[in-house]
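No experiment lies behind these values; they were computed from the predicted model shown. Ligands are counted one by one from 1 in listed order, and the atoms in each one are counted from 1 as well.
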Amino acid sequence: MSETEPIRLCFVCLGNICRSPTAEGIMASLIADAGLQTRIEVDSAGTASWHRGEPADARAIAEAARRGVALRSRASTFRTGDAHAYDLVLAMDHTNRFDLLDLTPEPELRERILLLRSFDPALADDDPHDGAVPDPWSGGEEGFAMVYDLIEAACIGLLDHVRTTMLTEGHR
Ligand code: 4NP
């Protein structure tokens, strides 16, 4: 058993059935590939509760399966105080981030709430999505492929960040 507490990450979107389950699944897969399952834990939630208890959207599950990643989460809702349970809370878009900040009055916890794509090392100043993962829910399947690519690039950068700055010896 590990003597240290794992790093806990929570991915958050609106419904918790498209973007954040995709991020949770991709990150879990990257963590498993790196053999870090006991050091980093992943979770996801939505700022809205409309889909609570539901599995991920079938289009998100299909896109992830096409890339070899299983999405197993059930939708849950992010509540006031939940930021306490995580080291980082990764918002998919700016509205998600503002909603999370509204649920988190404590300054030291607000610092943990970041945009997922801020970890994409290739994120450009003139990013067409303004640094967000756009909501694919009301669009077609091609939107789910695009969103998958954005999330994967950011999760690779996020894992690198966690490994180099949060899992270093003596810290955790
Ligand atoms: P998500 O996508 O936030 O990526 O899970 C959505 C899912 C459902 C709805 C909106 C966005 N909805 O309005 O029900």
Protein residues near ligand 1, heavy-atom distance below 4.0 Å? C13, L14, G15, N16, I17, C18, R19, W50, H51, D135, W137
Which one of D43, L9, V42 satisfies the side chain to side chain contact (heavy atoms under 4.5 Å, CB included) criterion with Y86? D43
Checking R97 against I113 for the side-chain contact (heavy atoms from CB on, under 4.5 Å) test, could you report, in this order, the C-alpha distance in whole Å, the side-chain angles of both residues, the deciding distance, and whether it holds? CA-CA 7 Å; R97 184 160 175 275; I113 300 170; 3.9 Å; yes
Could you name each residue pair satisfying ring pair (Phe, Tyr, Trp, His ring centres under 6.0 Å) that touches residues 103-135, not counting sequence neighbours? F119-H161
So which heavy atom on L150 is nearest to which on A132, and how close? CD1-O, 4.2 Å
Those residues at least two apart in sequence (or on a different chain) that pass salt bridge (charged side-chain N to carboxylate O under 4.0 Å, His left out) with E152 are none
Considering residues at least two apart in sequence or located in another chain, which fulfil the side-chain hydrogen bond (donor to acceptor under 3.5 Å, both in side chains) criterion with T22? none
